[in-house]
Amino acid sequence: MPIHPLTRASVTTLTVATLTVALGTALGLAPEAFAKGKKTRAMPETVKGFATPESVLYDKKTDTYYVSNINGVPDGQDDNGFVTKLNGQGVITDTKWLDGDKGSYKLNAPKGSAIVDGQFWVADIDHVRVFDLADGRHLASIAIKGTTFLNDVTPAGGKKGGVYVTDTGVKVGEKGFEPTGADAIYHVGKDFTATTVLRGAELGQPNGIIVDGKRLIVAGMASGELYTVNLDKKTGTGTKGAVLAKPAGFLDGLVKVKKGYVVSSWEKSAVYLVTPKGEVTEIAKDLAAPADIGFDPKHKRIAVPHFNDNTVEFIPAP
Ligand SMILES: [Ca+2]
Ligand SMILES: [Ca+2]
């Protein structure tokens, strides 16, 4: 347990109830707080049992969280990655729903995921893999040429469907992440065809990505920029637009909430709310290596995977 939950509890909202739960969490007690419904908003909760968790996705339809587990080096072709399912109470219901080790498919280092038309799409280094959401059946593994670190995916919508996916353009070297210059955004359609939307150093090692109306919002890992990419419907390509904000370095996960965008930063161990006007508010701190966050609008939670600690923490959504 790297972080004491109390460090993030605001003094003004700290009640006896939250104090009790926070102490319970610190002592490693079961996450009973989830059963108490709304109160969870004021009760940070941590779930253990992951292996280099990179991403959390919440599916409102089934009240399920999907956690991508890299299990090892972030670009290791080791076929041991897996995806864990949790119910809305934060209880693990299937540790290895998808499992590179046992499955007839490859799954090396799964990261960002998306649910599109009953399919589970996940980025995996140099492939985007697609599975049937109902039974976990492998449907496709799409190789994207020249990629080194496919990182986040988001439903694309439109006629062509599928997802947009970022390539952060790094590899893991002796000193950690080293640039490969492959920075890019691709589209993979429902016909499993990949096309380049935009490629270049101006993307600042793109990590988190979402669709927001007719444009994309992207979080740069190296640049620390939260910026827009304008899409040309005819050509399917994009151009970098405005920088909305520069909240902190090493940005990772990005989700959309009512008030704007929520983005995580490894550099500051924090999660920020960025309004469409670019105003930045820190909503949580002392989060070690907060990777690709998930937004759960039903229970009003942000799920934060702690990449280095093999845990997922739930914090109140703004
Ligand atoms: Ca792995
Ligand atoms: Ca990510």
Side-chain angles (χ1 to χ4, degrees), residues 50-58 66-84 95-103 105-114 121-129 141 147-154 163-172 176-177 182-186 203-210 216-226 247-256 261-267 269-272 287-295 302-308 310 312:
F50 304 98
T52 332
E54 203 281 335
S55 177
V56 185
L57 176 73
Y58 177 72
Y66 292 86
V67 179
S68 297
N69 294 265
I70 288 172
N71 197 13
V73 184
D75 61 355
Q77 304 271 3
D78 50 17
D79 199 18
N80 67 357
F82 61 97
V83 175
T84 304
T95 303
K96 295 192 172 180
W97 173 62
L98 299 180
D99 184 2
D101 204 19
K102 285 203 176 137
Y105 46 83
K106 278 242 185 309
L107 193 61
N108 293 310
K111 299 182 185 66
S113 66
W121 293 58
V122 63
D124 187 12
I125 308 173
D126 49 4
H127 284 74
V128 172
R129 304 191 195 276
S141 281
T147 56
T148 60
F149 206 89
L150 294 179
N151 199 326
D152 196 16
V153 297
T154 193
V163 299
Y164 290 106
V165 55
T166 53
D167 183 353
T168 306
V170 291
K171 65 176 181 180
V172 179
F177 290 123
D183 309 31
I185 297 165
Y186 299 91
L203 299 180
Q205 296 183 351
N207 194 336
I209 185 167
I210 55 168
L216 305 172
I217 312 285
V218 181
M221 191 170 91
S223 66
E225 291 177 349
L226 194 67
F250 210 108
L251 298 181
D252 195 328
L254 173 62
V255 293
K256 195 181 175 199
Y261 317 103
V262 176
V263 63
S264 65
S265 161
W266 289 47
E267 184 201 21
S269 302
V271 171
Y272 298 93
L287 300 166
D292 184 3
I293 52 178
F295 174 47
I302 301 284
V304 183
H306 291 289
F307 193 88
N308 294 327
N310 300 326
V312 171

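Atoms within each ligand, like the ligands themselves, are counted from 1 in listed order. Only a predicted model underlies this, so the values are computations on that prediction, with no experimental measurement involved.
With the Ca ion (ligand 1) as the vertex, atom OD1 of Asn80 and atom O of Asn71 span an angle of 70° (nearest 10 degrees). With the Ca ion (ligand 1) as the vertex, O of Asn108 and OD1 of Asp78 span 80° to the nearest 10°. Angle OD1(Asn151) to the Ca ion (ligand 2) to OD1(Asp252): 150° [nearest 10 degrees].
Looking at Ile210, Leu57, Val255, Leu254 one by one, the single match for side-chain contact (heavy atoms from CB on, under 4.5 Å) with Phe295 turns out to be Val255.
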Report the C-alpha separation of Trp266 and Phe307 in whole Å, then their side-chain angles, then the decisive distance to 0.1 Å, and conclude whether the ring-ring contact (aromatic ring centres under 6.0 Å, His included) test is met.
CA-CA 10 Å; Trp266 289 47; Phe307 193 88; 5.0 Å; yes
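The Ca ion (ligand 2) has no N, O or S atom of Asp152 under 3.0 Å away, backbone or side chain. Note on Glu54: counted as a metal contact of the Ca ion (ligand 2), an N/O/S atom lying under 3.0 Å. Look at Thr166 and the Ca ion (ligand 2): no N/O/S atom of the residue is under 3.0 Å from the metal. Contact annotation: Ile70 places an N, O or S atom under 3.0 Å from the Ca ion (ligand 1). The Ca ion (ligand 1) lies at 3.0 Å or more from every N, O or S atom belonging to Asp79. For Thr52, every N, O or S atom stays at 3.0 Å or more from the Ca ion (ligand 1). None of the N, O or S atoms belonging to Asn69 lies under 3.0 Å away from the Ca ion (ligand 1). None of the N, O or S atoms belonging to Ser55 lies under 3.0 Å away from the Ca ion (ligand 2).
For the side-chain contact (heavy atoms from CB on, under 4.5 Å) test, residues two or more places apart in sequence or in another chain that qualify with Thr148 are Asp167, Thr180, Ala182.
Judged by the 6.0 Å and 45° rule, Lys111 forms a cation-pi pair with Phe149. Judged by the 6.0 Å distance and 45° axis criteria, Lys96 is positioned over the aromatic ring of Phe82.
When only modelled atom types and interatomic distance are considered, Asn151 and Asn207 share a side-chain donor-acceptor pair under 3.5 Å. Of the N and O atoms on the side chains of Asn69 and Thr84, at least one donor lies less than 3.5 Å from an acceptor on the other residue.
A salt bridge is absent between Lys171 and Asp75; no separation between the charged side-chain nitrogens and carboxylate oxygens falls under 4.0 Å.
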